[in-house]
Amino acid sequence: MIEIKQYISEVIHAGLAKLEIKENVLVEKSANSDFGDFSSNIAMALAKTLRKNPLEIAKMIQSELTIDKKIISDHSVTQPGFLNFRVAKLFYQKTVTEIIASADTFGRTDTGKGKNANVEFVSANPTGPLTVGHGRQAVLGDTIANILEWHHYDVTREYYYNDAGRQMRILGQSVTARYLDQVGQEGDFPEDGYEGDYIKTIAKEILERHGDGLSPEDRIFRTYAEELIFADIKNTLEIIGINHDVFSNEQTYYNTGAIDAVVEDLRNKNLIYESEGATWLKATALGLEKDRVYYKSSGEPTYRLPDTAYHRDKLNRNFDLIIDLFGADHADTYPDVLAALEALGIDIAPIRVLIHQFVTLLKSGKKVKMSTRKATFVTLEELIKQVGPDVVRYFFIMRSMNSHLNFDLDLAADQSEKNPVYYLQYAHARICNIIKNGAEKHLAVTGEFDSALLSDDAEISLIKVLTEFPEVMATALENMEPQGIANYLHHMSAEFHKFYASCRVITDDHDLSTARLNLITAVKIILGNGLGVLGVSAPERM
RNA sequence: GCCCUUGUAGUUCAAUGGAUAGAAUAGGUCCCUCCUAAGGAUUAGAUGUAGGUUCGAUUCCUACCAAGGGCACCA
């Protein structure tokens with residue numbers, strides 16, 4: 001389909017050349033198929049410079065077009081000056097053969113060939129179970145990684161967490177307090193402590209394993225909590241089909257001296273100063289709004305400093321593309337990190353920052369602020385157990401990352417049986433079943449068939465959708481948004497179900513049956529590949 | 001107060017500046033002697049407000065209103 005657009009664009013260019021006009025030509029899919037399959041607004045764009053009615057210009061261009069009837073069967077001019085083109089059936093019919101022949105390569109580009117990409121996502125600190133909110137980022141990140149892999153990038157999925165700061169210290173203190181409670185001592189629960197019941201469970205496990213004589217100073221409270229929580233996080237990710245290749249953490253960068261190096265290198269550039277007992281980054285000198293603290297007066301660094309060291313390291317690992325997927329709360333903070341890196345003379349061009357909006361949790365119709373600390377969350381695991389991984393993934397992929405989406409667990413459970421993902425999976429299962437029935441009647445899909453037999457309206461509409469797949473996948477890569485793929489697959493499934501209702505595949509007509517079996521096999525290939533990229537299963541039966 | 005997102009059917013979401021604003025769900029009305037009715041057909045229903053740019057605006061700009069996030073020596 002990309003070729004068709006290009007072909008039309010070239011045809012118009014040639015026409016314009018005869019008229020001695022130079023202008024960029026834009027060809028797009030027609031919104032309404034009554035007008036044709038593609039249209040160009042070139043005449044409207046030229047109206048101003050030529051000082052002519054766009055309709056006249058369109059007619060003028062039309063009369064100069066030289067068109068291959070085997071590709072474009074018909075063209076017309078309509079108000080207010082659109083040039084319309086209808087693609088020949090033959091072109092569509094041939095596409096089915098092409099899809100079956102190229103199978104897994106249909107719709108891929110070589111954009112990522114020989115290139116390495118790093119996608120950092122989830123990156124939740126191990127202070128509690130993953131919530132529905134984290135789920136959004138987890139699914140988005142993994143699917144974006146899949147899209148990159150589809151286009152031949154070699155992808156590293158990375159999880160970075162802060163394990164040296166205040167949050168983990170408070171986690172340890174919270175566990176200590178619960179432990180002391182359980183051994184009958186007065187536990188001093190920290191003010192900003194983690195209130196979830198899982199903290200009590202961890203404390204209980206420590207009690208069972210290590211007895212009641214531990215000192216409140218013992219590091220085991222923190223390390224054991226981190227270990228258990230991380231195991232839980234990894235388990236949750238695994239059941240939704242997500243596996244990170246690399247886990248990196250803040251502590252490493254202290255150990256290797258990378259953090260000191262960042263400060264020293266910036267100091268050499270006069271971008272570090274001390275004030276009120278703290279160490280500051282002179283961010284204003286880098287064009288930012290205000291200076292930022294690197295080391296608090298307590299001597300503890302802020303997250304910003306290790307993050308900078310971490311990104312410096314990531315850039316040094318020579319990725320061609322680095323995706324940072326953050327929640328909206330980070331929108332204001334990454335510019336500091338990028339500015340510091342640039343000041344260090346590092347090329348930050350490979351970095352692409354993606355920001356997604358938050359999930360608002362609704363409980364009995366009311367908004368609840370999700371907080372790990374206050375334990376006001378629905379865990380991702382809970383949700384997956386209730387509705388299944390496919391529904392969870394599709395739920396998040398359907399929405400653009402910019403939408404502030406509302407999440408009501410009761411509603412989600414209620415509606416899970418009507419989840420649109422089943423509509424796609426059902427189409428796939430139906431196809432598999434028909435192919436099975438065909439095989440029983442010794443009808444095989446070989447790619448050898450008379451494509452001209454596929455001329456029913458429902459068949460042509462279905463094939464048209466198939467031809468759009470490469471463009472959908474290319475756009476997904478450009479925008480780094482999986483959403484378009486979900487919309488597309490839904491549209492394709494709808495066309496398939498319509499086709500199913502009006503055209504019977506297995507009949508006494510051997511040739512027609514074979515042609516239709518090839519057609520639905522092409523649908524199965526694309527649906528299967530698309531669902532694969534979304535990380536959603538493509539069942540053979542439901 | 002300043003900055004970033006976002007306001008579209010009753011609800012949850014779509015729509016590279018284009019033609020009649022799409023789905024899903026909820027509500028009407030139909031269709032299983034036929035490859036899975038987890039389906040199909042059909043009906044009804046929406047661009048926050050006020051300006052501006054443009055041949056053309058849901059899309060771009062300005063103001064206002066509303067929601068979420070940020071403006072920490074929290075991450």
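Below, all heavy atoms of this structure are taken into account, side chains as well, without hydrogens, waters or symmetry copies. Proteins get letters first, then strands, A, B, ... in listed order; numbering begins at 1 in each.
Taking atom P in both B:U59 and B:G18, the straight-line distance is 11 Å, to the nearest Å. Between B:U12 and B:A44, the distance separating the two P atoms is 24 Å to the nearest Å. The C1' atoms of B:G17 and B:G52 are separated by 15 Å, rounded to the nearest whole Å. As rounded to the nearest Å, B:U54 and B:U8 have C1' atoms that lie 22 Å from one another. A distance of about 13 Å separates the P atoms of B:A9 and B:A14, rounded to the whole Å. For the P atoms, the distance linking B:U58 with B:G51 amounts to 14 Å, nearest Å.
Checking side-chain atoms of A:T131 against main-chain N and O of A:H134 turns up a donor-acceptor pair under 3.5 Å.
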**Asked** How does each nucleotide of nucleotides 17-22 of chain B score, in 5' to 3' order, for protein heavy atoms under 4.0 Å: base (B), sugar-phosphate only (S), or none (-)?
**Response** -BBB--

**Message:** I need a per-nucleotide contact map over nucleotides 38-43 of chain B, read 5' to 3'. Cutoff is protein heavy atoms under 4.0 Å; write B for the base, S for backbone only, - otherwise.
**Reply:** BSSS--

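In this structure, the CG atom of A:L140 is 18 Å from the P atom of B:U5, given to the nearest Å. Separating the CZ atom of A:F326 from the C1' atom of B:U5 is a distance of 16 Å, rounded to the nearest angstrom. Atoms CD1 (A:I485) and P (B:A14) sit 15 Å apart, rounded to a whole Å. In this structure, A:L362 atom CG and B:U11 atom C1' are separated by 12 Å, rounded to whole Å. Taking atom CD of residue A:Q483 and atom P of nucleotide B:A24, one finds them 16 Å apart after rounding to whole Å. Atom C1' of nucleotide B:C35 and atom CD of A:E440 are separated by 10 Å, given to the nearest angstrom. As rounded to whole Å, 11 Å separates atom C1' of B:A23 from atom NE2 of A:H491. Between A:H356 atom NE2 and B:G70 atom C1' the separation is 14 Å, expressed in whole Å.
A:Q137 is linked by a side-chain contact (heavy atoms from CB on, under 4.5 Å) to A:F121, A:L325, A:H356, counting only residues two or more places apart in sequence or in another chain. Taking A:R393 as the reference, A:D142 meet the salt bridge (charged side-chain N to carboxylate O under 4.0 Å, His left out) condition, with sequence neighbours excluded. Every residue two or more places apart in sequence or in another chain that forms a salt bridge (charged side-chain N to carboxylate O under 4.0 Å, His left out) with A:E158 is listed here: A:R317. By the salt bridge (charged side-chain N to carboxylate O under 4.0 Å, His left out) test, A:R292 is found to be paired with A:D336, residues two or more places apart in sequence or in another chain being considered. For the side-chain contact (heavy atoms from CB on, under 4.5 Å) test, no residue two or more places apart in sequence or in another chain qualifies with A:D457. Applying the salt bridge (charged side-chain N to carboxylate O under 4.0 Å, His left out) criterion to A:D509, with sequence neighbours excluded, gives no partner residue.
Residues from residues 400-408 of chain A lying near RNA chain B, meaning a heavy-atom separation below 4.0 Å, are A:S400, A:N402, A:S403, A:H404, A:L405, A:N406 in numerical order.
Minimum heavy-atom separation, A:E540 to A:C432: O-CB, 3.5 Å.
Geometrically, A:R430 engages A:Y500 in a cation-pi contact defined by less than 6.0 Å to the ring centre and at most 45° from the axis. In this structure, A:R136 forms no cation-pi arrangement with A:F396, as its terminal cationic atom is not both closer than 6.0 Å to the ring centre and no more than 45° off the ring axis.
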Protein-nucleotides 25-34 of chain B N/O pairs closer than 3.5 Å?
| from | atom 1 | to | atom 2 | distance (Å) |
| --- | --- | --- | --- | --- |
| B:C34 | O2' | A:R504 | NH1 | 2.3 |

Hey, what are the protein-to-nucleotides 72-75 of chain B N/O distances that come in under 3.5 Å?
| from | atom 1 | to | atom 2 | distance (Å) |
| --- | --- | --- | --- | --- |
| B:A72 | OP2 | A:K290 | NZ | 2.9 |
| B:C73 | O2 | A:S297 | N | 2.7 |
| B:C73 | O2 | A:S297 | OG | 2.8 |
| B:C73 | N3 | A:S297 | OG | 3.3 |
| B:C73 | N4 | A:E276 | O | 3.1 |
| B:C73 | N4 | A:E276 | OE1 | 3.3 |
| B:C74 | OP2 | A:K296 | NZ | 2.5 |
| B:C74 | O2' | A:R166 | NH1 | 3.3 |
| B:A75 | OP2 | A:Y303 | N | 3.0 |
| B:A75 | O4' | A:Q167 | NE2 | 3.0 |
| B:A75 | O3' | A:N125 | ND2 | 3.4 |
| B:A75 | O3' | A:N162 | OD1 | 2.3 |
| B:A75 | O3' | A:N162 | ND2 | 3.4 |
| B:A75 | O2' | A:N125 | ND2 | 3.2 |

Validation: residues 517-524 of chain A side-chain donor-acceptor distances under 3.5 Å, sequence neighbours left out:
| from | atom 1 | to | atom 2 | distance (Å) |
| --- | --- | --- | --- | --- |
| A:N518 | OD1 | A:G447 | N | 3.1 |
| A:N518 | ND2 | A:T514 | O | 2.8 |
| A:T521 | OG1 | A:L517 | O | 2.7 |

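Judged by distance alone, the side chains of A:E274 and A:T279 do bring a donor and an acceptor atom under 3.5 Å apart. Side-chain contact check for A:T111 and A:H151: no donor-acceptor pair (N or O, by modelled atom type) lies under 3.5 Å.
Across all strands shown, A:C503 has heavy atoms under 4.0 Å from base atoms, whether or not it also approaches the sugar-phosphate.
In this structure, A:H490 has its ring center under 6.0 Å from that of A:Y423.
One finds no side-chain N or O of A:K367 lying less than 4.0 angstrom from the OP1 or OP2 phosphate oxygen of B:G68.
Under the 90° criterion around 0 for the glycosidic angle, B:C32 counts as syn.
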